[in-house]
2 protein chains.
Amino acid sequence: MARNVKNIKELAALIGISATTVSRVLNGKAELYRISPATSKKVLNAANEFSYYPDRIARGLRLKRTETLGLIIPDIANPFFASIAKTIEFETRRNGYSLILGDSLDDIQTETELLNLFAGRKVDGIILAPVGHSSAHIEEFQKRGIPVMVIDRYLPGTKIPFITTDNYAGAFEAVEYMISKGHRVIACIQGLKGISVNTDRVQGYRDALEKNNITVDNHMILGNDFGVENGYIQTQILMSREKMPTAILALSNLISIGVMRALSEKNLSIPDDVSIVSFDDQPYSAFLASPMTTVEQLKEEIARIAVNGLLAWIRTGKIDQQIDKMLKPKLIFRKSVKTINV
Amino acid sequence: MARNVKNIKELAALIGISATTVSRVLNGKAELYRISPATSKKVLNAANEFSYYPDRIARGLRLKRTETLGLIIPDIANPFFASIAKTIEFETRRNGYSLILGDSLDDIQTETELLNLFAGRKVDGIILAPVGHSSAHIEEFQKRGIPVMVIDRYLPGTKIPFITTDNYAGAFEAVEYMISKGHRVIACIQGLKGISVNTDRVQGYRDALEKNNITVDNHMILGNDFGVENGYIQTQILMSREKMPTAILALSNLISIGVMRALSEKNLSIPDDVSIVSFDDQPYSAFLASPMTTVEQLKEEIARIAVNGLLAWIRTGKIDQQIDKMLKPKLIFRKSVKTINV
DNA sequence: TCAAAATGCACAAACGATTGTGCAAAAAAT
DNA sequence: ATTTTTTGCACAATCGTTTGTGCATTTTGA
């Protein structure tokens, strides 16, 4: 027995009561509408016995609120984003919301499509790790009234709130460390030019060099993509030059995988032939041929702040502009940087 | 100008036409209902100009179909599942559906909650990488009429369709390979006992040994979890024994990370001191201290078949029982297995 | 004892889309 | 010049909730 009941009317009929009352009891508004305790109890019992769950779709339509968040990231297979996604999903659910996932494939066109798609699905808010340069489509979107929280980057010139890592500090520290180990010719393989993550890291790299009276050689800053392929190609270019760097700062975990691939093909080893520091610590970082010194970002923290900030925004209807945050990263020392003669 | 329009009525009013007609044009039923080409064109233009997107919630309510799929996996931060999730998201979207993500945290209670949650959200179907032993909650769920497709495992004794790797073959080949390299004492660090993935791999391990006239030593099969910690602990146990194995078969990528951690703490190196083959190839596998020989699963393939099979099921209303598949994995040879004296 | 206040619940509209059916006007057939 | 058929579209109901309002009935107060 105890068959399932398909909607609130059916349940109401079973108790011999109106749907209105059932709805009110189930939404905790019994007192507010003076439903007697006896009736309340009957409703609760029946709902339980016949395992009635309100249809969230109908509810969403009526309430104009779906209790759903959208998450758009450039690549869920990238462990950096996968970790963030995990915490975001957890926090989202803990707050009674569900999460729609969109992988923008590092493509701004896809990102835009996803934004529109999510708008059509009436998500209550969106967490976005943006890709590419333009932020017009995001701003335009913001105007439609759907809260958007940016993670991993910030969008200069916009009012879109963000949570990210203090990338400048991360790069600065990493480079100072390499310099302290005697390195003077340090290359920087960067990701997508022009976006804040990259700009800030490169600036940290530059400033660390200059602070130590090392002239910045623009030929040593190269690449334009956060992926493996870019790390691979740029390393090949670097290694074919007369003036080879003694150290490389890789601006993402994927780039450093490309670096490793290129180096191993040339039978060059880390750190004997080239030293390296990579952004993004990973579970495997410690077990690489040469355990990798990395700049660790506080991924869980970013995720948590993003979700809770977004939900607060949704509930109150206004942005807490205080939310903008740049979390200090942490340099994890391992064995991929060699001390060389000064 | 070109302000956005908020619903179909508003758009219809703007053209001076009924919502009915707008709906029909937008759903490609213009001909069916004899809407004149002129009117059709006007609708299409207006919809475009005012960037009207139908409210999927209202649509879902009326159609009793949300064009949403649910994905439940044990750990999105595990690169194996992250890769699968990426392809699933892509295929899902390519078919006009959206994806709700749930991370079951390797916990059967959470998995059950997610199933119910997704049911309440009226997903059209669910792709599930189940955790734990019991499958009663899944079967019960199936009866509620929501199609569920299982990946990564199968559920013996149920009719729930699945796509998985031929884990038996993968383990068998891996072990035969190690034997061919002269290994006779091979340990197997397993994941969760009793679930098909694990059972099949262990059986493959056993059969490969027996086929080669090596008696299976049950002490060499240990562990009970697919995570890093288990790999770490079991390796410590193995290494503290009198009779140490010369090779280890790690039944997951996470387990092998644990193995590496334990070995490196004891200053043991791969493959000089211990050889290892791990399930699940990863982007970093080639760049580990010792490039890892792995059993690669066809993750994209699994994802693609799962999504398309599920969608077919949703559309036709019946399961194609032919869909059950065990995809042959591929052994990738690197340098984590040493040839030893026979 | 009678008016006023409190109690307990139900009616019906609304959210935004889709669709079976019906009804004019125009075109074709006789 | 009628009748019949076709064309082109609109009305209104429906999906399952939630909620403003209203109406009996009971309780309280004087």
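Naming convention: chains lettered A, B, ... in sequence-line order (proteins, then strands); numbering from 1 in each chain. Computed from a predicted model, the values in this text were never measured in an experiment.
At the phosphate of D/dG8, neither OP1 nor OP2 sits under 4.0 Å from any side-chain N or O atom of B/T39. A/S36 has no side-chain polar atom (N or O) that falls below the 4.0 Å cut-off from OP1 or OP2 of C/dT7. Under 4.0 angstrom from either OP1 or OP2 of D/dG16 there lies at least one side-chain N or O belonging to B/K64.
For A/D152, the salt bridge (charged side-chain N to carboxylate O under 4.0 Å, His left out) criterion is met by no residue, not counting sequence neighbours. B/R121 pairs by the salt bridge (charged side-chain N to carboxylate O under 4.0 Å, His left out) definition with nothing, not counting sequence neighbours. Listed by chain and number, the residues in a salt bridge (charged side-chain N to carboxylate O under 4.0 Å, His left out) with A/E139 amount to none (sequence neighbours excluded). Among residues two or more places apart in sequence or in another chain, the salt bridge (charged side-chain N to carboxylate O under 4.0 Å, His left out) test is passed with A/D124 by none.
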**Request:** Would you mind building the protein contact string for nucleotides 17-27 of chain C? One character per nucleotide, 5' to 3', B for base within reach (heavy atoms under 4.0 Å), S for sugar-phosphate only, - for untouched.
**Result:** BBBB-------
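The environment of CZ in B/F90 is sparse: at most 12 heavy-atom neighbours from other residues, nucleotides or ligands sit within 6.0 Å.
The CD1 atom of A/I15 sits 14 Å away from the C1' atom of C/dA10 (whole-angstrom rounding). In this structure, CG of B/L61 is placed 17 Å from P of D/dA13, rounded to the nearest angstrom. A straight line from CZ of B/R121 to P of D/dG16 spans 18 Å, rounded to a whole angstrom. With rounding to whole Å, B/L11 atom CG is found 14 Å from C/dG16 atom P.
Of the residues listed (B/V307, B/I73, B/L101), the one engaging B/I88 in a side chain to side chain contact (heavy atoms under 4.5 Å, CB included) is B/V307, and it is the only one.
Note on A/E140 versus A/K143: no salt bridge recorded, every NZ/NE/NH1/NH2 to OD/OE distance being 4.0 Å or above. Salt-bridge annotation for A/E89 and A/K86: absent, with no side-chain N of the basic residue lying under 4.0 Å from a carboxylate O of the acidic one. Salt bridge annotation for A/K325-A/E301: absent, with no cationic side-chain nitrogen under 4.0 angstrom from a carboxylate oxygen.
Fit an axis to the five pairs at each end of the helix from C/dT1-D/dA30 to C/dT30-D/dA1 and the two axes sit 50° apart, to the nearest 10 degrees.
Residue contacts shown for B/I17 are limited to sugar-phosphate atoms, with no base heavy atom under 4.0 Å away.
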